[in-house]
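A quick note: this is a predicted structure, and the numbers were derived from the prediction, not measured.
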Amino acid sequence: MVGIEISGELALLIGLLGAVWIYYDGQSHNMQTADMWAVGFFLGMFIPPIIGAVIVMILYLQKRNRRGRGKVNQFDHY
């Protein structure tokens, strides 16, 4: 059987960095569910280990690419 093992600290770091990237990327694409995708990625790092995060990332990228980049209004940024 094939297994992937990484330390808890490394998994936590990857989970946090991935979740932050997904959140900000989703916000830049005007996705209202960016926070849920970020939480899903973080939880996927631990339940089931790593494979869940890979699955969430693939699903997120598919959904993101179907939506395209949203238009940013000059008044959206203060």
Side-chain angles (χ1 to χ4, degrees):
M1 181 158 89
V2 176
I4 300 172
E5 290 187 31
I6 59 174
S7 69
E9 294 84 16
L10 183 59
L12 186 63
L13 179 66
I14 292 170
L16 287 173
L17 289 176
V20 168
W21 180 82
I22 286 176
Y23 178 76
Y24 285 115
D25 185 65
Q27 289 292 316
S28 72
H29 284 82
N30 293 330
M31 293 178 69
Q32 295 177 351
T33 58
D35 54 345
M36 289 187 272
W37 283 104
V39 169
F41 178 83
F42 183 77
L43 292 177
M45 280 300 293
F46 303 100
I47 309 168
I50 301 171
I51 302 301
V54 171
I55 292 169
V56 170
M57 180 64 79
I58 290 169
L59 292 173
Y60 168 75
L61 290 174
Q62 287 177 346
K63 181 166 179 66
R64 182 191 103 180
N65 289 336
R66 276 188 255 137
R67 289 183 50 96
R69 185 174 284 280
K71 292 183 179 180
V72 177
N73 188 346
Q74 67 181 2
F75 300 109
D76 288 344
H77 303 287
Y78 295 107

Ring pair (Phe, Tyr, Trp, His ring centres under 6.0 Å) contacts in which one or both residues fall within residues 3-24, not counting sequence neighbours: none

Within one Ile-Leu-Val-Met-Phe-Trp-Tyr cluster: Met36 and Phe46, side-chain cutoff 4.5 Å: no

Of all pairs that satisfy side-chain hydrogen bond (donor to acceptor under 3.5 Å, both in side chains), the ones with a partner from residues 34-52, not counting sequence neighbours: Thr33-Trp37

CD1-CD1 distance between Ile58 and Ile55, expressed to the nearest 0.5 angstrom: 7.5 Å

Single-linkage hydrophobic cluster, 4.5 Å side-chain cutoff, Met31 and Leu61 together: yes

Ile47 with Leu59, same ILVMFWY side-chain cluster at under 4.5 Å: yes

Cluster link Leu16 to Tyr60, ILVMFWY, side chain under 4.5 Å: yes

Side chain to side chain, Phe42 and Val20, heavy atoms closer than 4.5 Å: no

Transitive ILVMFWY side-chain link Leu17 to Phe41, under 4.5 Å: no

Value rounded to 0.5 Å, distance of CD in Gln27 from CD in Gln32: 9.5 Å

Which atom of Met45 lies closest to which atom of Ala53, heavy atoms considered: SD-CB, 3.4 Å

Pair listing, side-chain hydrogen bond (donor to acceptor under 3.5 Å, both in side chains) test, anchored in residues 45-58, at least two apart: none

